[in-house]
Number of protein chains: 2
Amino acid sequence: MSPTTRARARKGEGDQLRRDILAAAEELLTVEGSADAVSVRAIAEQVGVTSPAIYMHWKHKDDIFTEVCSIRFAEFSSRVMANVQGEGPVLDRLAEVARAYMAFAEEHPEQYRVLFMQPVSAVPDGAPPTAGAMAFQMVVGVLEAAVAEQEMRELDPVTTAAALFAAIHGAASLVVDRHEDIPVPEPAALVEAVIDVSFHGIAAGPAKP
Amino acid sequence: MSPTTRARARKGEGDQLRRDILAAAEELLTVEGSADAVSVRAIAEQVGVTSPAIYMHWKHKDDIFTEVCSIRFAEFSSRVMANVQGEGPVLDRLAEVARAYMAFAEEHPEQYRVLFMQPVSAVPDGAPPTAGAMAFQMVVGVLEAAVAEQEMRELDPVTTAAALFAAIHGAASLVVDRHEDIPVPEPAALVEAVIDVSFHGIAAGPAKP
DNA sequence: CAGATAGCTTACCACTGCTAACCCAGAACG
DNA sequence: CGTTCTGGGTTAGCAGTGGTAAGCTATCTG
């Protein structure tokens, strides 16, 4: 595979290298398990190019991985959005979003970490929405529907969305970080528990057995 | 302050340097905001010593910061444990734990990140419990009391503890990471929302207006 | 065919975690 | 008192990192 050298692209076809770098970066990311463990030189070698060539397309190393992971998440989230447009109880749809979110974290832990588990400084004006903003908006949208359909207590949708997002994000984070010092249930069981708790609470309700 | 040189310790007093290194590491950690941004050389310079001297006391750089942060968390958690022994409804105590946990994340974000926001591989047998294990155990303990006092629905304490821990951890993580792409409420408001949702759920209950 | 330029490479910098080898003041021992 | 031993460091350096400045060259354009 990985050629040690590479034919120079023709004029106007520089984007081919860009695409190849993204692919190589993603492959190395999943192999190594973290962006820190993948060096710019390693990416360059994988595509058969020297490292400064990378900096023609991105200003910083981190930008490469952010782009890689955003692409993967956008693909995922459009799939989920399509599945969630359906009918039925709104809270069921919300549960589906939570399950899908956990599935993404489980299948793409490195991408999840890059997108959701590092500081996000203020996004410049006019920049495309971050993965976090998209995910959050999904939750807000469903919650507003739940309010409209009266499936939800009267709570502020944005604050409540933050609480729910935090809960699911926390569960996904525990899975991604493989916290072996804590008895974390299987991902599927954990997300069901989070859904159950978030929807019905833990308090002994007046009308619940 | 930071002396460029330093009197050599007497025999048997090597631990003085060890303590000074821990203090310098913590100070630099809070100044820089992340452990990655603090180099071993910087710590060494701060205490007036050369960098290999550090490796007399720790095998790896990360071990220094883990120790620094564990000390801080142990101090915090014993304070909370004492406050939580009191009487009153169990769920109120649980809420207090959640608030305290968020307060720790808010006041010591760098420490929180080191302790709870990176992969934790299996702890060697006989090692002291990690901060995560201690925090989790706090939640389990309170939950078992809640079950005993019938303040809680009949749920598996460990699975439920994981869900609650995930929720609080997610909220703290959002705060620590300063997710500026998401409308995260103030820490205090966020933790109240998480508590409210976790205790009572969001679903329109049969007996709630 | 001449010049411009996209698409790279060579060479390098300052810095990182970490190690091997050495030095040396003072405690312990004869 | 003199010698040896050793805890508590230092000097020097390795392999690797992200990133940059400057130059080269194949291709396109006038």
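The chains referred to below are lettered A, B, ... by the order of the sequence lines, with proteins before strands, and numbering in each begins at 1.
In this structure, A/Glu87 places its CD atom where only 12 or fewer heavy-atom neighbours from other residues, nucleotides or ligands lie under 6.0 Å away.
Here the P atom of nucleotide D/dT10 and the CD1 atom of B/Ile54 are 10 Å apart, to the nearest Å. Atoms CH2 (A/Trp58) and P (C/dC8) sit 12 Å apart, rounded to a whole Å. Between B/His57 atom NE2 and C/dC18 atom P the separation is 16 Å, expressed in whole Å. The CD1 atom of A/Ile43 sits 11 Å away from the P atom of D/dG19 (whole-angstrom rounding). In this structure, the CZ atom of A/Arg6 is 15 Å from the C1' atom of D/dA26, given to the nearest Å. Remark: P of C/dG17 and CZ of B/Phe65 are 8 Å apart, rounded to the nearest angstrom. Taking atom CD1 of A/Ile64 as the reference point, atom C1' of D/dG18 lies 10 Å away to the nearest angstrom. The distance from atom CD of B/Gln16 to atom C1' of D/dG7 is 16 Å, rounded to the nearest whole Å.
The ring of A/Phe76 has its center closer than 6.0 angstrom to the ring center of A/Phe73.
Of the candidates C/dT9, C/dG17, D/dT10, the closest approach to any side-chain atom of A/Ala53 belongs to C/dT9. Minimum atom distance to the side chain of A/Ser39 is reached by D/dT17, of the listed C/dC8, D/dT17, D/dT11. Closest to the side chain of A/Met56, from the set D/dG9, C/dA11, C/dG7, is C/dG7. When the nucleotides D/dG8, D/dT27, D/dT25 are ranked by their closest atom to the side chain of A/Arg8, D/dT25 comes out on top.
Place B/Arg10 and B/Val38 on DNA chain C by their nearest nucleotides, and B/Val38 ends up nearer the 5' end. Each of B/Tyr55 and B/Lys11 was matched to the nucleotide of DNA chain C holding its nearest heavy atom; the match closer to the 5' end belongs to B/Tyr55.
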Candidate pair B/Phe136 and B/Phe116, rule ring-ring contact (aromatic ring centres under 6.0 Å, His included), full reasoning: CA-CA 11 Å; B/Phe136 189 82; B/Phe116 299 108; over 10 Å; no

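Under the 4.0 Å criterion applied to side-chain N and carboxylate O atoms, A/Arg99 and A/Glu96 are assigned as salt-bridge partners.
Note on A/His60: every side-chain N or O is 4.0 Å or more away from OP1 and OP2 of D/dG18. Between A/Lys61 and D/dG18 there is a side-chain N or O to OP1 or OP2 distance below 4.0 Å.
B/His108 and B/Phe104 have tilted rings, their planes meeting at an angle from 30° to 60° on a 0 to 90° scale.
Between the base of D/dG16 and the side chain of A/Arg41 there is no donor-acceptor pair shorter than 3.5 Å.
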